[in-house]
Amino acid sequence: MPEPLPRAFYNRPAIEVARALLGTVLVHGTTSGRIVETEAYLGPQSGLEDRAAHSWRGVTPRTRVIFGPPGYAYVYLIYGVYECLNVVAEPKGSAGCVLIRALEPVAGIPRMRSRRGGVPGVERLANGPGKLTLAMGITRRHNGADLTRGRLTIRPPERPEDIRIGVSPRIGIKHCADLPLRFFIEGNRFVSR
DNA sequence: CAATAGATCATCT
DNA sequence: GATGATCTATTGC
């Protein structure tokens, strides 16, 4: 298995990281999945006033991680029910992160299925932000975890591959619902709906 | 298949 | 006290 992506990979604008993450592999213990869908959330430095981003109002106890150094996990609870995994991008002091929205299961599929309550069909195992954290066993305990080492990492593909990147507005947000900040592998059937 | 309701709580006002 | 980067079950066609 390839080494984890280095910190430098994450030390650039969130949009670049969101695109570059497509095709890489999220690994947690014995389970892993290929990232096929991401969304970028921008900080004030983008000049875009991204009100959909948690970092929009500046540093708070929750958003501390997003303003920290790149290459760490930001995990939060949504609707009091599910948890979402983000990757922190951009240098320390600059807000910017990438929501992982969907995975193509690679290893440990039976384990993922049991964690998902036995849902049938590999396609439905991790094709959404709340589903993939469940399937991979990722929780708020991973908030602030270093993705360049340890049990939870992101690694390059085994072999270089040719993919087409699709772009669309982000899903499920109220503000800035027109910005084209969602990226996905064109034609991949594990992308969320 | 499409539309809708409800679950449930950390965070910030 | 309101809100939300979601998902599932259930309803109705």
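The figures that follow rest on heavy atoms only: side chains count, while hydrogens, waters and symmetry mates do not. Throughout, a chain's letter reflects where its sequence line sits, starting with A, and its residues are numbered from 1.
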Atom OH of A:Tyr82 to atom P of B:dG6: distance rounded to whole Å? 16 Å

Taking it one step at a time, do A:Leu5 and A:Thr148 satisfy side-chain contact (heavy atoms from CB on, under 4.5 Å)? CA-CA 6 Å; A:Leu5 296 166; A:Thr148 68; over 6 Å; no

By the 4.0 Å heavy-atom rule, please label A:Arg51 as base, sugar-phosphate, or nothing. nothing

With both distances kept under 3.5 Å, what pairs with C:dA5, Watson-Crick or G-U wobble? none

Atom-to-atom span, CG of A:Leu99 to P of C:dG4 - whole angstrom: 16 Å

Please determine, for the side chain of A:Lys131, which listed nucleotide (C:dC7, C:dA5, B:dC12) has the closest atom? C:dC7

Below 4.0 angstrom, N of the basic side chain to O of the carboxylate: do A:Glu90 and A:Arg12 qualify? no

Should the pair A:Glu186-A:Arg164 be classified as a salt bridge under the 4.0 Å nitrogen-to-oxygen rule? no

Aromatic ring of A:Tyr76 stacked on base six-ring of B:dA10, 5.5 Å, 30°: no

Determine, for A:Glu39 against A:Arg101, whether the closest basic-nitrogen to carboxylate-oxygen distance falls under 4.0 angstrom. yes

Quick one: A:Arg62 CZ to C:dA5 C1', roughly how many Å, whole number? 10 Å

So, are A:Arg170 and A:Asp178 salt-bridged, with charged N and O less than 4.0 Å apart? no

Separation of atom CH2 in A:Trp56 from atom C1' in B:dT11, rounded to whole Å: 15 Å

Separation of A:Arg140 atom CZ from B:dT8 atom C1', in whole Å? 11 Å

Respond yes when some side-chain nitrogen or oxygen of A:His54 is under 4.0 Å from OP1 or OP2 of B:dT11, and no when none is. no

What contact category does A:Gly130 fall into here, base, sugar-phosphate, or nothing, at under 4.0 angstrom with non-hydrogen atoms? sugar-phosphate

Under-4.0 Å side-chain N/O to phosphate OP1/OP2 contact, A:Lys174 with C:dG4: yes

With nearest nucleotide decided by heavy atoms, which residue, A:His175 or A:Arg124, maps closer to the 5′ end of DNA chain C? A:His175

In whole angstrom, what separates A:Ile78's CD1 from B:dA7's P? 18 Å

Both distances below 3.5 Å, Watson-Crick or wobble geometry, any strand: find the nucleotide opposite B:dA3. C:dT10

What is the distance, rounded to the nearest whole Å, between atom CG of A:Asn127 and atom P of C:dT6? 13 Å

Scanning all shown strands, the Watson-Crick or wobble mate of B:dT8 with both distances under 3.5 Å is none

Between P of C:dT6 and CG of A:Asn86, the distance in whole Å: 11 Å

Is A:Arg182 touching bases, backbone alone, or none of the nucleic acid, heavy atoms closer than 4.0 Å? nothing

Report yes if at least one side-chain N or O of A:Arg57 is closer than 4.0 Å to OP1 or OP2 of C:dT3; otherwise report no. no

